[in-house]
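Down below is the structure, laid out as structure tokens.
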Amino acid sequence: MARQSVQAERIKSALTNIEYATSGERAVLLLLLAGRGAFSSDEVEREVMGPCLIWAPTGWSTRIALAAGARGYLVRMPERALGRALPTDALSAHVRQVVSRRIFLSELSPEMIASVATMFEKIEAELRNAAPGSETALHHCISLLLIDIWRAAAPPRLTTEQQPHRLSDRFLSLVELHLQNHWTIAEYARRIGVSRDRLNSAVRNAIGVPPHAHIQRRLMEEAKALLVTTNLPVSEVCYRLGFNDAAYFTRFFRRHESLAPAQFRRTYTPLYQTRTQEVSFADWP
């Protein structure tokens with residue numbers, strides 16, 4: 001399925017202007033090696049000149065117009081491919097935060113350009129050759145691209161963050177690592193080395209909700225994804241998410257969704273399988 005929706009295009013030095021547009025169902029990564037053009041996305045408009053890197057996440061209509069002579073690489077990918085490619089370790093929360101916004105990078109190191117170019121070549125080859133394991137290879141390539149973007153866009157900002165933001169980042173990272181362990185907030189605070197009240201204040205100020213609400217939201221996102229993208233029995237989904245009691249998991253799910261897990265699967269799996277626009281689990285009620 002990813003093979004049919006991930007697109008990789010080499011931008012060659014054409015004699016005429018080139019234009020790329022998306023209605024927002026796909027994220028766009030453009031590495032412009034040479035040339036100039038214009039980028040517009042909703043209310044954002046700006047001139048661009050190579051070398052530069054542009055990242056536009058899903059959810060915004062995007063238009064990229066390049067003048068004749070432009071060279072570079074363009075990769076378009078649906079939200080489903082992005083969700084599967086996000087790192088699952090401590091980096092997940094950081095990378096997710098960075099790639100959820102539009103990014104313009106004009107100061108690119110030779111190493112950054114080489115890394116993105118290498119990943120493009122690999123993605124292009126996997127899409128073209130349809131070799132065994134290409135679906136998995138595509139996901140890994142996209143994951144490496146997302147990490148490249150995070151490395152280039154995040155470190156300067158992260159190193160200057162104030163202490164409360166570092167506490168919240170540490171909490172978000174630990175949640176991704178230990179979501180299935182169902183740690184208490186007190187345990188998270190102990191592992192980070194702060195009081196529960198201080199952790200609660202730092203997380204609420206950083207993301208707008210208290211720690212327990214973020215944990216429950218992440219459990220629901222994972223539960224929804226497993227229910228509509230796999231054939232696992234509800235009891236197995238329950239155990240994969242660290243719940244020891246299927247009945248309790250059902251009550252937990254119904255409290256947040258107003259539907260039992262089995263009802264949610266029957267309602268949304270057909271939608272997931274038939275909609276042309278990619279489905280965002282986070283946007284569902």
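Note that the structure is a prediction, hence the values are computed from the model and not measured.
Closest approach of Arg76 to Ala21, counting heavy atoms only: NH1-O, 3.9 Å. Phe253 and Leu259 get closest at one heavy-atom pair: CD2-O, 3.1 Å. Residues Phe39 and Ile64 come closest through the heavy atom pair CD1-CG1, 3.7 Å. Thr58 approaches Ala27 most closely through the heavy-atom pair CG2-N, 3.3 Å. Smallest separation of non-hydrogen atoms from Ile18 and Lys12: CD1-O, 4.2 Å. Annotation for Glu121 and Tyr73: closest pair OE2-OH, 4.0 Å, computed over non-hydrogen atoms.
The backbone N or O of Leu241 lies less than 3.5 Å from a partner atom in the side chain of His182, making a donor-acceptor pair. In this structure a side-chain-to-backbone donor-acceptor pair under 3.5 Å is present from Ser143 to Ala85. Counting only distance, with no hydrogens or angles, the side chain of Ser115 and the backbone of Glu111 share no donor-acceptor pair below 3.5 Å. Thr118 places a side-chain N or O within 3.5 Å of a backbone atom of Ala114 that can act as its donor or acceptor partner. With Asn200 contributing its side chain and Arg196 its backbone, the two residues share no donor-acceptor pair below 3.5 Å. In this structure, the side chain of Arg26 engages the main chain of Ser5 through a donor-acceptor pair within 3.5 Å. Between the Asn17 side chain and the Ala68 main chain, a donor and an acceptor come within less than 3.5 Å of each other. A donor-acceptor contact shorter than 3.5 Å links the side chain of Trp55 to the backbone of Val99. The backbone N or O of Trp183 sits nowhere less than 3.5 Å from a side-chain atom of Asn181 that would complete a donor-acceptor pair.
Residue pairs meeting the salt bridge (charged side-chain N to carboxylate O under 4.0 Å, His left out) criterion with at least one partner in residues 49-63, sequence neighbours excluded, are Glu19-Arg63.
Using a 4.5 Å heavy-atom threshold, the side chains of Val203 and Pro211 count as touching. The shortest distance between side-chain heavy atoms of Thr269 and Phe264 does not fall below 4.5 Å. Under the 4.5 Å side-chain criterion, counting only non-hydrogen atoms from C-beta, Arg254 is in contact with Gln263. Residues Leu31 and Val75 have side chains not in contact (no heavy-atom distance under 4.5 Å, counting atoms from C-beta outward). Contact check for Val28 versus Ile54: no side-chain heavy atoms found under the 4.5 Å cut-off. Under the 4.5 Å side-chain criterion, counting only non-hydrogen atoms from C-beta, Leu53 is in contact with Met112. A heavy-atom distance below 4.5 Å is found between the side chains of Tyr188 and Ile215. Residues Leu30 and Ile11 are in side-chain contact: their nearest non-hydrogen atoms beyond the backbone lie under 4.5 Å apart.
Under the 4.5 Å side-chain heavy-atom criterion for Ile, Leu, Val, Met, Phe, Trp and Tyr, Leu29 and Met49 are members of distinct hydrophobic clusters. Note on Val209: it clusters hydrophobically with Leu167, by side-chain heavy-atom contacts below 4.5 Å among ILVMFWY residues. Residues Tyr239 and Phe243 fall into different hydrophobic clusters, defined by Ile, Leu, Val, Met, Phe, Trp and Tyr side chains chained together at heavy-atom separations under 4.5 Å.
In this structure, CZ on Phe249 lies 9.0 Å from CG on Leu219, to the nearest 0.5 angstrom. Summarising the geometry, atom OG belonging to Ser235 is positioned 11.5 Å from atom CG belonging to Asp245; distances are rounded to the nearest 0.5 Å. Distance check, rounded to the nearest 0.5 Å: CD of Glu257 to OG1 of Thr267 gives 9.0 Å. How far CG of Asp148 is from CH2 of Trp150: 11.0 Å, rounded to the nearest 0.5 Å. The CG atom of Asp197 lies 12.0 Å from the CD1 atom of Ile185; values are rounded to the nearest 0.5 Å. Note that SG of Cys141 and CD1 of Ile123 are 5.0 Å apart. Values are rounded to the nearest 0.5 Å.
The 12-atom threshold is exceeded at CZ of Arg217, counting heavy atoms of other residues, nucleotides or ligands nearer than 6.0 Å. Within a 6.0 Å radius of CZ in Arg240, other residues, nucleotides and ligands contribute 12 heavy atoms or fewer.
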Derivation of the side-chain contact (heavy atoms from CB on, under 4.5 Å) call for Thr62 and Tyr20: CA-CA 8 Å; Thr62 298; Tyr20 303 93; over 6 Å; no
Worked verdict on Tyr248 versus Arg251 for side-chain contact (heavy atoms from CB on, under 4.5 Å): CA-CA 5 Å; Tyr248 175 77; Arg251 292 195 299 272; 3.6 Å; yes
Intermediate values then yes/no, side-chain contact (heavy atoms from CB on, under 4.5 Å), Val6 and Arg80: CA-CA 10 Å; Val6 175; Arg80 180 171 56 250; over 6 Å; no
Leu145 and Phe120: CA distance, side-chain angles, deciding distance, side-chain contact (heavy atoms from CB on, under 4.5 Å) verdict: CA-CA 9 Å; Leu145 279 177; Phe120 175 88; over 6 Å; no
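Every residue two or more places apart in sequence or in another chain was checked for a side-chain contact (heavy atoms from CB on, under 4.5 Å) with Asn244, and none qualifies.
For the side chain to side chain donor-acceptor pair (under 3.5 Å) with Arg218, the qualifying choice from His214, Gln216, Glu222 is Glu222, the only one to do so.
Looking at Glu124 and Arg10, a side-chain N of the basic residue comes within less than 4.0 Å of a carboxylate O on the acidic one, giving a salt bridge.
A cation-pi arrangement is present between Arg46 and Phe104 under the rule of less than 6.0 angstrom and at most 45 degrees off the ring axis.
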